[in-house]
Structure formats: C-alpha cells, structure tokens
2 protein chains.
Amino acid sequence: MQFSKSTAYGLHALMLLAKSERGRNVGIKELSSSLGASESYLSKIMSKLRQDGLVRAVTGVNGGYELARAASEITFLDVVQVLEGRQHLYECFHGSDHPLPSLEAAGDEPETPEFAFGEGCPVKQVMDAAELQMNRYLQQHTIQSALNQAGSCDAHTASKK
Amino acid sequence: MQFSKSTAYGLHALMLLAKSERGRNVGIKELSSSLGASESYLSKIMSKLRQDGLVRAVTGVNGGYELARAASEITFLDVVQVLEGRQHLYECFHGSDHPLPSLEAAGDEPETPEFAFGEGCPVKQVMDAAELQMNRYLQQHTIQSALNQAGSCDAHTASKK
DNA sequence: CATATAATGGACATTACAGGTCCATAATAA
DNA sequence: TTATTATGGACCTGTAATGTCCATTATATG
Ligand code: SF4
Ligand code: SF4
C-alpha cells in the first residue's frame, strides 16, 4: 500500500500554483518541466483536480492553471481524495458488511455463513478508525500551511548558499 | 490506495487463532474454509506471519498454527507492517530526499535542480506525519482488544437468535 | 477571420504488482 | 512407514497505475 505517484505530482503542482498565484495562469509545460513529469500524464492529473474544483483551467493562448480557491482552503485531504479515490482503505471481503467468521461454523454453511456480528465488526471498526486518524491530520494541513513551513526552511537554507 | 486482501486475511486468521487458542494447532484447511480463501494463498500469508514471529507453525500430523505470543501483544500495526511492507506510504519522486522544485529554476538545471530544502520538506513532513497518526492508532489496538469488542457484540446479537 | 496556443478526453500501450495456483520438499505424529 | 501438514519456489493471471498519442475544443491576438 502506497500513495500513487499521481498524488505526489498533484500535491507538488498545487504547491507551485500557490507559489506563483496572482492571476497568472501556469501552463502544463512549466509545471511538467518543473516536476519532471510528462506533459500528457500531468495534464490528466490536472484535469482531475479541475473536475473536482481545486483548480481552474483556461485553454488557449496564455491559458493554464490557477488555484480555484485560496491555498489555505485546499487541504491535503482534498488532494488525496481526488487522486486516490474515496473508497475506504480497508475493504471487507465477504459481502459488503459485518460478519467475522467462527471456526465452528466453518463446514456448516459455506455460502451463507452464520456470522457473529451486525454493524459493529471490531476488525473493520479499528481499520476505519485508523484511516480516520490519518484523514483528520491531512484535513488539518493545507497547501498554504505547507508553503509557510517551506518559507521558514527556505530562510535557513538560503544562508548556506 | 487500499489495504491488500492479504492484510484482511491475515487479521482474520489471527482473530481465529486467538479465539481457538489453548495449545491447539489450527490447520490451514480450517482457516481457509472459515475465511473463504484458498489454502495455497492463505498459507503464503501464514508463512509471512510466521517469518515475522507473529505465529508459530508445526508441520505434520496435528500440525498447524498458533499465536506466537499473547493476543494482547499482537497489534494491528504488527500485522499491517508484515503484510503491507514497511515502506512509507508517501514516496518522493526526485532522488531520495528533499527538494521542492521552483518554477523559476525549471529550465536551468534539468538534471540537478536547484531545490529549496534540506531535510525538512514540508510536503513529505505532512504525509509522513499523517501516516504516523494512522500507525499510532493501529499500534494501540491488538487482536485481543478487537476480540473483546467482538465479545460484547456477540452478546447482543446472540439475543436476536 | 486566421493562426498559434493550450487544455481536454478518448483510446491506446506498457509496467508493476496483487492475487492466485501448482508442486516438489521437508518435518512431524502415529 | 505412512499419512499429514507446512514450506517455498516457480509460475500464471488480471487489474490498476503509469505513460503516450492524437483529434478536438476553446481562447487570445493581430
Ligand atoms: S472485518 Fe468484520 S465485517 Fe469485515 S469481513 Fe472481516 S469480519 Fe466481516
Ligand atoms: S515531497 Fe519534498 S522532498 Fe519529496 S519530492 Fe516533493 S519536494 Fe522533494
């Protein structure tokens, strides 16, 4: 289990857009050469971000992308959910919900097993809650907040130059 | 991004072993028929769990698997790390560590770009911390604790029967 | 209007990996 | 010795991520 490259690209593209900002449209060429991704591939990603309302795009001369809302209003969770999808990380394998098989009931009912639970399967509960912990954190961090972090780092590495 | 089926199977298998317990070895046949997984596939998973010291296995007649330590000492994180691997969820795409490309530096140095950061890249920081939130939660929950949850659920669904 | 520019979306091709099977081998109890 | 049971290597398969190509559409500019 890993985040897809698309998510990495998407996050970085948004960081770049946030840095540039001020009405200026940033073209796919600029983005792709900055990130080292192909134009075609990155454009797919940008397209998804647009469809989900994270960026605006304008075609034609001087066209390109810009953030659709303030960088402080775009959370990491937004980006992850667009590019990784919104399914749960943990998916049950029998039917859609609840069970938890027991050893004893094994041979008896192979197709409609006598399972122990209703809604509150503890395995799924733990896994979903774990996912929630991560998502909560991702939701608390925005492109802007990351950019601020970057700023302070910038300062201290600039001195090295 | 999703947890693999292997993780689901692994967790369930351990739940079953914990339920049975008391010196008795549970064979792959029992496990696979309870979970609805093939013997061959599940045995690979069990093998991994054994290599990582979560279960013990004994071959031959009356052989099978049992927990290698108390169910309360096996965390969800243990299982996830064995079956999903221990790499970080978020992987950087240029080089191994730090940068964050800037638009301006794009055309200049295509191969060794002038990046802004040392260790503290904010994007990676956020993503790694998010992962940590999830892992912390997974570490706090054990096969035993899930089983306890299960017990209480059992009680209230048993009345329905 | 004509033209150059730039994003879009559909249709591919490629690659990687999860998921799954098979079998020969080794270990163990009876 | 025999039946049983886990092991691990080799292999196959399907699907999703990655990546490319192109025809179309939209826009600014002169
Ligand atoms: S986690 Fe619970 S509900 Fe999901 S498959 Fe397992 S037993 Fe069933
Ligand atoms: S997250 Fe930071 S360190 Fe990682 S690739 Fe992006 S800029 Fe580089």
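Hydrogens, waters and symmetry mates play no part in the numbers below; they use all other heavy atoms, side chains included. Labels below follow one simple rule: chain letters A, B, ... track the order of the sequence lines, proteins then strands, and each chain is numbered from 1.
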Look only at the side chain of A/Gln149 and the backbone of B/Pro122, and say whether a donor-acceptor pair between them is shorter than 3.5 Å. no

Under 3.5 Å, side chain of A/Glu84 to main-chain N/O of A/Ser4, donor-acceptor pair present? yes

Within the structure shown, what part of the strands sits under 4.0 Å from A/Gln2 by heavy-atom distance: base, sugar-phosphate, or nothing? nothing

Are A/Leu17 and A/Met46 close enough that some pair of their side-chain heavy atoms sits under 4.5 Å apart? yes

When you measure from the side chain of A/Glu131 to the backbone N and O of A/Leu89, does any donor-acceptor pair fall under 3.5 Å? yes

Looking across every strand, which nucleic acid part, if any, lies under 4.0 Å from B/Ser40 by heavy atom: base, sugar-phosphate, or nothing? base

Along DNA chain C (nearest heavy atom to each residue), the more 5'-positioned of B/Lys5 and A/Gly27: A/Gly27

5'-most contact on DNA chain D: B/Met46 or A/Glu39, nearest heavy atom basis? B/Met46

Does A/Leu49 reach the side chain of A/Leu14, with side-chain heavy atoms less than 4.5 Å apart? yes

Counting the atoms with a prime plus P, OP1 and OP2 as sugar-phosphate, which does B/Gln51 contact under 4.0 Å by heavy atoms, base, sugar-phosphate, or nothing? sugar-phosphate

On DNA chain C, which is the earliest and which the latest nucleotide, 5' to 3', with an atom closer than 4.0 Å to a heavy atom of chain A? C/dA4 to C/dA11

Quick one: does B/Val79's side chain get under 4.5 Å of B/Val82's, heavy atoms only? no

Here's a test for you: under side chain to side chain contact (heavy atoms under 4.5 Å, CB included), which of B/Asn25, B/Leu54, B/Val55 qualifies with B/Tyr65? B/Val55

What nucleic acid atoms does B/Gly63 come within less than 4.0 Å of, heavy atoms only: base, sugar-phosphate, or nothing? sugar-phosphate

Would you call A/Met134 and A/Val80 a side-chain contact if the rule is heavy atoms closer than 4.5 Å? no

Span of DNA chain D in contact with chain A (heavy atoms, under 4.0 Å): D/dT18 to D/dT29

More 5' along DNA chain C: A/Tyr65 or B/Thr7, using each one's nearest nucleotide? A/Tyr65

Pairwise 5' ranking along DNA chain D for B/Gly60 and B/Lys44, keeping only the more 5' one: B/Gly60

Check for me, please, whether B/Leu77 and B/Phe3 land in the same ILVMFWY cluster - side-chain distances under 4.5 Å, paths through other members count. yes

